[in-house]
Amino acid sequence: MTKNYLQENEVLIRKEIYPFLPEIDTIIFDIDGVLVNVSSSYHQTIIDTVQYYFGNIINIPGEDNLVDGKAIAGFKMMGGFNDDWELSAAVVLYYLWKMEEYQLKSMQRLKDSSPLILDFINKNLSNGCGLTQLMTWVTKNASDPGKIFSLWNKEKIFQIAKEFYAGERNCYRLYHFYPGIVHQATGNIEKEIISIVPEVTGILKRYQVGILTGRNRTETHFFMEQINWCSWLDPGMIVTSEDHMTKPSPDGLKFLMEHFQSKQGLYIGDTMDDLLTVKNLNHQYGKQYCLSALVLGNDFTGENDYKEHYIKKGVDLLAENVNQVVQLIHHRFR
């Protein structure tokens with residue numbers, strides 16, 4: 001499959017799109033997994049939320065982590081799980097189904113009994129419809145779906161996740177409520193590691209730049225302050241969850257591209273939903289209006305199937321980090 005790709009400066013480039021690269025005038029970014037490493041923030045929040053729900057709400061004994069980074073990546077590869085709070089709710093629902101279906105009463109048995117979480121994801125969640133697909137599957141396949149859904153409180157799961165993420169210090173600022181379930185001063189948001197380097201930020205000022213993210217507006221502004229983009233990035237060119245143009249719908253990307261009157265765009269993301277967003281936009285226009293780039297972090301070089309998965313799906317550029325992509329586009333093709 002890699003025969004259809006060239007490698008330049010540690011970036012894989014699909015051969016067919018090579019002529020479009022010098023024409024890029026607009027670069028649009030996802031935030032999580034692209035501009036910032038969220039493995040210790042959002043992804044850790046998913047882990048914390050699932051553990052808390054089963055340990056403190058369902059009262060299942062044990063200390064085994066029910067979900068890990070590989071499982072989170074598995075959900076993201078399927079598409080439809082761009083929202084990490086919905087992903088948290090999906091993991092809880094899967095384990096509630098498994099707990100009731102097989103009468104499993106400990107964390108260890110929940111985690112280790114068949115079907116394992118990655119096997120379940122690959123078999124049953126492959127059409128990219130996310131949490132809705134899982135809810136439908138449970139309704140159709142569980143012996144007692146009513147019992148499972150009575151134990152599954154999606155709004156409480158969302159609240160637990162927000163409290164773990166923000167902590168007491170930032171919960172009201174980000175979500176306009178004070179923590180009522182999880183009480184910890186600092187949240188996982190304070191563990192985020194900025195990925196983009198200052199040199200690349202300087203390069204970006206020569207392009208039209210936008211943001212398309214699943215974060216809410218307050219979360220996004222909080223991060224923009226951390227990387228000092230508020231002084232030069234037009235806030236009107238930031239599409240967040242409040243704009244109701246949720247990926248993989250192309251509407252948010254279309255809005256930004258048309259506002260910029262872009263001739264050739266590039267959207268840099270890190271998940272299947274980001275790739276599908278670009279594909280859906282190009283399908284609407286019937287041409288290669290925007291190119292797709294995915295950054296995979298350590299999964300780009302690690303021993304896993306992630307890189308091959310996205311190559312099979314036809315991603316245009318694939319790299320380890322966002323800096324490699326921007327530097328390649330600017331220094332090699334500008």
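Counting begins at 1 with the first residue of the sequence.
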Atom [atom1] of [X] with >12 non-hydrogen neighbours under 6.0 angstrom:
X    : atom1 : result
K105 : NZ    : yes
E242 : CD    : yes
K15  : NZ    : yes
Q261 : CD    : no
E63  : CD    : no

Establish whether [X] and [Y] are linked, either directly or via other cluster members, by ILVMFWY side-chain heavy-atom contacts under 4.5 Å.
X    : Y    : result
V34  : L281 : no
L87  : F54  : yes
V295 : L276 : no
V209 : L212 : no
F158 : M135 : no

Original post:
Do V326 and L328 pass the side chain to side chain contact (heavy atoms under 4.5 Å, CB included) test, and can you show the C-alpha distance, the side-chain angles, and the key distance before you say yes or no?
Top reply: CA-CA 5 Å; V326 175; L328 173 75; over 6 Å; no

Going by atom types only, do [X] and [Y] share a side-chain donor-acceptor pair under 3.5 Å?
X    : Y    : value
Y165 : E192 : yes
K98  : Y94  : yes
K76  : Y306 : no
S262 : T26  : yes
T301 : E320 : no
N216 : T240 : no

Show the nearest heavy-atom pair for residues [X] and [Y], with the distance to one decimal.
X    : Y    : answer
T271 : L294 : O-CD2, 3.6 Å
C230 : E225 : SG-N, 3.7 Å
Y310 : M272 : OH-N, 3.5 Å
L93  : W152 : CB-NE1, 3.6 Å
W229 : I211 : CZ3-CD1, 4.0 Å
N170 : I189 : ND2-CG2, 4.0 Å

Polar side-chain atom of [X] near backbone of [Y] as donor-acceptor pair, under 3.5 Å:
X    : Y    : value
S114 : L116 : no
N4   : R14  : no
Y95  : L66  : yes
D273 : F81  : yes
S41  : K191 : no
S126 : N122 : no
D243 : M245 : no
N280 : P250 : no
Y52  : I157 : no
D119 : P115 : no

Looking at [X] and [Y], does any basic side-chain N land under 4.0 Å from a carboxylate oxygen?
X    : Y    : answer
E86  : K154 : no
D84  : R215 : no
R332 : E8   : yes

Do [X] and [Y] come within less than 4.5 Å of each other through their side chains, counting heavy atoms only?
X    : Y    : answer
H330 : Y207 : yes
N82  : T246 : no
F333 : F20  : no
I117 : V91  : yes
I31  : M224 : yes
Y53  : N153 : yes
S113 : L104 : yes
L35  : I194 : no

Nearest 0.5 Å, please: how far is [atom2] in [Y] from [atom1] in [X]?
X    : Y    : atom1 : atom2 : value
Q226 : E190 : CD    : CD    : 9.5 Å
T49  : K156 : OG1   : NZ    : 13.5 Å
D30  : T277 : CG    : OG1   : 9.0 Å
I13  : L291 : CD1   : CG    : 10.5 Å
M237 : Q208 : CE    : CD    : 10.0 Å
L12  : F300 : CG    : CZ    : 4.5 Å

**OP:** Go through the steps to decide whether F177 and C171 satisfy the test side chain to side chain contact (heavy atoms under 4.5 Å, CB included), and finish with yes or no.
**Re:** CA-CA 6 Å; F177 70 87; C171 196; 3.6 Å; yes

Original post:
Are Y18 and Y5 near enough that their ring centres are under 6.0 Å apart?
Top reply: no

Original post:
Under 6.0 Å from the six-membered ring centre of F222 and within 45° of its axis: does the NZ or CZ of R173 meet both?
Top reply: no

**OP:** Show your working on side-chain hydrogen bond (donor to acceptor under 3.5 Å, both in side chains) between S292 and D316 and close with a plain yes or no.
**Re:** CA-CA 5 Å; S292 60; D316 295 320; 3.2 Å; yes

Original post:
In terms of the angle between their ring planes, are Y285 and Y289 parallel, tilted or perpendicular, with boundaries placed at 30° and 60°?
Top reply: tilted

**OP:** Take K307 and L318, measure what side chain to side chain contact (heavy atoms under 4.5 Å, CB included) needs, and give me the verdict at the end.
**Re:** CA-CA 8 Å; K307 182 162 64 174; L318 199 61; 3.4 Å; yes

Original post:
When Y175 is tested against each of K162, E163, Q159, E219 for side-chain hydrogen bond (donor to acceptor under 3.5 Å, both in side chains), which residue passes?
Top reply: E219

Subject >> Pair W137-F120, ring-ring contact (aromatic ring centres under 6.0 Å, His included): steps then yes or no >> reply: CA-CA 11 Å; W137 187 94; F120 180 88; 4.9 Å; yes

Subject >> side chain to side chain contact (heavy atoms under 4.5 Å, CB included) between W232 and T201, intermediate numbers included >> reply: CA-CA 10 Å; W232 62 272; T201 297; 4.0 Å; yes

